[in-house]
Amino acid sequence: MVVDAHFDLAAEVYERRLAGERHVVERRYLPHFREASVNLIVSSIYVPGRELPESGLRRALGQTAALREDLESVQDQICVADSREALERAAAGGQTAVLLSLEGLDPLGNDLSLLRAFYDLGVRGAGLTWSRRNAFATGCCKAGEFREIPGGLTDLGREAVARMEELGMYVDVSHLNNEGFADLCACAKRPFIASHSNAWKIHPNYRNLRDDQIEAVAGRGGVIGLNACALLAGPSVPESQAASPQEEKLEQLCRHAEYLVSKAGSAHVGCGFDLCRGLSDATPRIRFETENDDILAHHGEMIKFTAMLLARGMKEETAAGLIGGNFFRFFRECLPCSEQ
Ligand SMILES: [Zn+2]
């Protein structure tokens with residue numbers, strides 16, 4: 001299985017279709033998904049700060065609609081999966097499945113009843129917040145910053161966790177600050193994930209996870225997705241024997257992978273590469289969080305990353321779980337059976 005647990009696909013498709021482009025996924029992404037035999041992509045629904053609060057709901061609904069419309073002509077190759085059966089069918093038929101997830105509950109404003117509306121639109125996961133404060137929680141800083149921001153989950157945030165668990169949506173802790181992480185641990189009853197965060201020990205950044213947080217995600221049955229943003233991976237080591245600047249960065253990503261596996265165990269690490277070049281190019285007026293800093297040029301390069309993990313001595317079984325098996329297992333278990 002090959003899985004990327006965090007990709008701003010819907011946001012990019014929305015922007016490009018607004019500008020008149022069509023068949024965005026088919027032309028820009030499908031060839032790369034095919035190249036690496038990608039089974040599952042989690043598309044985040046991400047609303048930029050300047051749209052909030054007034055346009056948050058409209059923008060989130062627009063992204064969901066734009067992505068579904070864009071995929072209509074290529075349903076035989078890539079489709080939204082909102083049930084366990086749909087995910088299994090896609091995997092058996094060699095299609096790429098797309099799972100929808102909210103990157104922050106900002107589109108809800110402070111009306112938790114809207115969560116059900118997003119569930120009915122096929123959204124199956126959410127982070128409480130992006131790197132900002134909203135009615136539910138306070139986010140940590142952006143990838144390019146280094147500062148601890150206080151304030152954890154609000155009462156509404158705790159209610160949101162309970163409601164998500166009741167609906168069968170997974171909680172994503174990437175972007176939550178340290179207090180929020182601790183608050184979530186105190187109230188969550190089901191496993192949760194960190195879809196796109198690296199290890200603090202390898203590179204200290206408030207977007208990355210400390211050892212106790214890594215252990216908490218793994219101990220509860222969740223999965224941590226490696227982030228291929230160079231700002232979160234951190235500078236590569238000077239003694240590196242890498243042949244190119246990209247290889248140096250890939251080596252650094254491998255260090256995070258190896259460290260996370262050592263702390264979380266091989267069944268609890270995956271990929272959430274957060275490749276941002278496409279969205280950043282589609283919206284040049286936004287100074288984007290990751291400033292176009294992708295270590296992988298596209299999903300086809302997941303092959304290169306896997307090869308490097310193996311060359312550095314990772315066991316085949318561990319690499320297979322990391323490149324997709326672990327997240328596939330988590331999402332399959334989390335998705336509702338369609339008869340429900
Ligand atoms: Zn993010």
Side-chain angles (χ1 to χ4, degrees), residues 3-15 41-52 56 59-60 63-64 67 98-107 123-134 136-147 149 169-178 180-181 184 192-200 203 205-209 213 217 222-234 253 256 260 270-283 286-296 299 327 331:
V3 179
D4 180 0
H6 187 85
F7 188 37
D8 289 316
L9 187 60
E12 179 183 350
V13 168
Y14 175 83
E15 293 291 343
I41 291 281
V42 178
S43 170
S44 54
I45 296 165
Y46 165 79
V47 181
R50 68 187 159 82
E51 303 291 339
L52 296 170
R59 179 64 66 128
Q63 288 183 16
T64 309
L67 181 62
V98 179
L99 211 70
L100 299 175
S101 176
L102 282 166
E103 190 162 17
L105 292 179
D106 309 75
V123 177
R124 293 292 177 262
L128 295 176
T129 181
W130 185 68
S131 295
R132 58 193 165 211
R133 181 170 288 143
N134 63 18
F136 302 91
T138 298
C140 63
C141 61
K142 297 177 188 175
E145 299 169 358
F146 188 81
R147 62 196 172 105
I149 301 170
M169 292 171 75
Y170 67 84
V171 179
D172 184 350
V173 300
S174 287
H175 286 287
L176 208 53
N177 65 1
N178 289 330
F181 190 105
L184 178 73
F192 51 81
I193 66 167
S195 68
H196 57 305
S197 296
N198 291 332
W200 169 281
H203 179 60
N205 181 290
Y206 286 98
R207 278 281 288 102
N208 289 340
L209 300 172
Q213 296 173 328
V217 176
V223 182
I224 299 160
L226 280 166
N227 193 317
C229 163
L231 278 168
L232 288 183
L253 193 59
H256 282 278
L260 286 172
C271 304
F273 286 132
D274 198 11
L275 303 184
C276 289
R277 190 165 300 144
L279 178 59
S280 174
D281 288 352
T283 52
I286 298 176
R287 188 169 165 74
F288 208 67
E289 181 195 17
T290 51
E291 293 159 25
N292 212 352
D293 211 13
D294 301 341
I295 294 176
L296 303 179
H299 285 89
F327 263 130
F331 292 129

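FYI, side chains are in, hydrogens and waters are out, and symmetry mates aren't considered; it's all heavy atoms of this structure. Counting from 1, the numbers follow the sequence of the chain as shown. Read the numbers this way: they start at 1 and go in the same order the structure lists the ligands and their atoms.
Side-chain atoms of N198 and H203 include no donor-acceptor pair closer than 3.5 Å.
Around the Zn ion (ligand 1), the angle linking H196 (NE2) with H175 (NE2) is 100°, rounded to 10 degrees.
Side-chain atoms of T138 never come within 3.5 Å of backbone atoms of N134 as a donor-acceptor pair (strictly under, hydrogens ignored).
In this structure, the side chain to side chain contact (heavy atoms under 4.5 Å, CB included) partners of S43, at least two apart in sequence or on a different chain, are L9, A10, L67, V98, L100. The side chain to side chain contact (heavy atoms under 4.5 Å, CB included) test applied to A230 returns K249, D293, I295, not counting sequence neighbours.
Taking backbone and side-chain atoms together, E103 has an N/O/S atom less than 2.8 Å away from the Zn ion (ligand 1). Among the backbone and side-chain atoms of H6, none of the N, O or S atoms lies under 2.8 Å from the Zn ion (ligand 1).
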